[in-house]
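Read the structure below first, then the notes.
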2 protein chains.
Amino acid sequence: MSAVAGNSKAGTKQKLVEAAEALFADEGFDRVSVRDITTRAGANVAAVNYHFGSREGLLALVMARQINPVNEERLARLDALERKIGGKALPVEEVLDAFVRPFATQVRRSELSEKLFFKLMGRMFGQQGGELPPVVEALFVTVMGRFQRAFAKSLPGLAVEEIWWRMHLMAGAMIHTMAQADTLQRVSGGDSGTPGIEQTLSRFIRFAAAGMRQGADEPREESRSQGPQVEFSF
Amino acid sequence: MSAVAGNSKAGTKQKLVEAAEALFADEGFDRVSVRDITTRAGANVAAVNYHFGSREGLLALVMARQINPVNEERLARLDALERKIGGKALPVEEVLDAFVRPFATQVRRSELSEKLFFKLMGRMFGQQGGELPPVVEALFVTVMGRFQRAFAKSLPGLAVEEIWWRMHLMAGAMIHTMAQADTLQRVSGGDSGTPGIEQTLSRFIRFAAAGMRQGADEPREESRSQGPQVEFSF
DNA sequence: GTCTATAAAGTGATAGAC
DNA sequence: GTCTATCACTTTATAGAC
């Protein structure tokens, strides 16, 4: 088990990508130098600039390579669900499943360990200031728009603004849960257990579905009138 | 409106702290140099090391100064609620309110703008790898333990492990919502509106309360038997 | 495609004058 | 308490040999 590079048969370029992914995930985008990467990959210091133009070029590639397949799969799953059900509204749980299950799919295709994969995802979504590469940002915006429409259909009692905020809360719960699993271990003193990925997905979906649905009319149910939502009475 | 330092009557030490807070919040802990801070504070490059021993010393002070009052107020609010209600269980909403309202209190006492305060909070909670100063980490662990017990009392149907995971999901939703409010603005194309802080707290509490309660027996209600929670059926 | 050598700038920290 | 000057190092990037 080589602690240094990934597949030792891989070319330098791929070894650099794999080293960069592991290091960025583990230590953060700002704390990893070109030298750290080339050393780990067993390559020359100049290799990053030769193969990727710059440190920034490699960083953008790493980000796109890991997150874009997740977002593509999200769209594919949502498309499939909507095709299957026709024009009707989907249960919130199905939409949430289409949103989170791609993490489980893609972590298996990744050369990264489960822990590092989720740390990397957390670092990308936690990026403040919109420093994501344009190609990543664009697909991300597309995904959020598509899911917003799906949730709006599933939760017809809610205003557009309310849907956006609940998606935001939902996404935060997801990201934090995945990226900070060891924090939970530490803080709980081990009382949080060590659930598998399916159980974590299931926990997330049940939690988020209840939050998304809160106070909303489910489609096809009898419409219950709701008073205007006043500020601060919970 | 001075874009450089805070109160120009403040001493150098305080100006350094205020400059550091604003810069760390806006750009991230790793991207701000000692020179950035001293320049913004209108102080000499050597001032940080004179007053705080090192860059790290200043960083630890900034973190503790901003997050510890939030955590102290959380404990005080929970204590007050529990004293008021005696030995009985609190409604989940009350516990959640004690958890998030201190952000609203402390942002007003802070010299930071609302936006920067929440960005800073997000950066601290988003820290991966447990790099928080010990005094901050210790209080944080205390707070989570106290709230875990409060939630366990409010949600007697749930296993300890389940409580921890729901708290984790809840905390993620909170952090993300606060720290990434402008991401939501950008992604929604403005459709998320510009709610005040009270409305955001209210939205969060309603979302999180539904998630925390999901499938649980409320205290004092008739006990509904629940089958074992199987993996993956949402 | 890989290497060495080096440029040019930035980093945190400190000795010592004032 | 503040300043200048400087140390010792690290950073990204590149020119040019192989």
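Every chain is numbered from 1 and lettered A, B, ... according to where its sequence line falls, protein lines coming before strand lines.
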- Pairs touching residues 15-55 of chain A that satisfy ring-ring contact (aromatic ring centres under 6.0 Å, His included), sequence neighbours left out: A:Phe24-A:Phe29

Separation of [N] [atom2] from [X] [atom1] (nearest whole Å):
{"X": "B:Leu58", "N": "C:dG12", "atom1": "CG", "atom2": "C1'", "result": "13 Å"}
{"X": "A:Phe52", "N": "D:dA13", "atom1": "CZ", "atom2": "C1'", "result": "16 Å"}
{"X": "A:Leu59", "N": "D:dA13", "atom1": "CG", "atom2": "P", "result": "11 Å"}
{"X": "A:Asn49", "N": "C:dA8", "atom1": "CG", "atom2": "C1'", "result": "14 Å"}
{"X": "B:Glu56", "N": "C:dT11", "atom1": "CD", "atom2": "C1'", "result": "15 Å"}
{"X": "A:Arg55", "N": "D:dA13", "atom1": "CZ", "atom2": "P", "result": "8 Å"}
{"X": "B:Arg35", "N": "D:dT11", "atom1": "CZ", "atom2": "P", "result": "16 Å"}
{"X": "A:Asp30", "N": "C:dT11", "atom1": "CG", "atom2": "P", "result": "13 Å"}

- Query: A:Phe125 vs A:Phe140 aromatic rings, parallel, tilted or perpendicular, using cut-offs 30° and 60°?
  - Reply: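 Ring orientation of A:Phe125 relative to A:Phe140: tilted.
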
- Query: Which word best sums up how the rings of A:Phe147 and A:Phe151 line up, parallel for under 30°, tilted for 30 to 60°, or perpendicular for over 60°?
  - Reply: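 Judged by the thresholds at 30° and 60°, the geometry between A:Phe147 and A:Phe151 is tilted.
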
- N-O pairing of A:Glu131 and B:Arg31 below 4.0 Å: yes

- Message: Strictly below 4.0 Å, N to O, side chains only: are B:Glu198 and B:Arg101 in salt-bridge contact?
- Response: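 A salt bridge links B:Glu198 with B:Arg101.
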
- Message: What's the separation between atom CG in A:Asn68 and atom CG in A:Leu139, rounded to the nearest 0.5 Å?
- Response: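 Between A:Asn68 CG and A:Leu139 CG, I get 5.0 Å after rounding to 0.5 Å.
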
- Message: Less than 4.0 angstrom between a side-chain N/O of B:Ser33 and OP1 or OP2 of C:dT11, yes or no?
- Response: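 Yes, such a contact exists.
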
Show each protein N/O and nucleotides 2-4 of chain C N/O combination with a separation under 3.5 Å, one pair to a line.
| unit_1 | atom_1 | unit_2 | atom_2 | d |
| --- | --- | --- | --- | --- |
| C:dT2 | OP1 | A:Thr12 | OG1 | 2.7 |
| C:dT2 | OP2 | A:His51 | NE2 | 3.0 |
| C:dC3 | OP2 | A:Asn44 | N | 3.3 |
| C:dT4 | OP2 | A:Asn44 | ND2 | 3.2 |

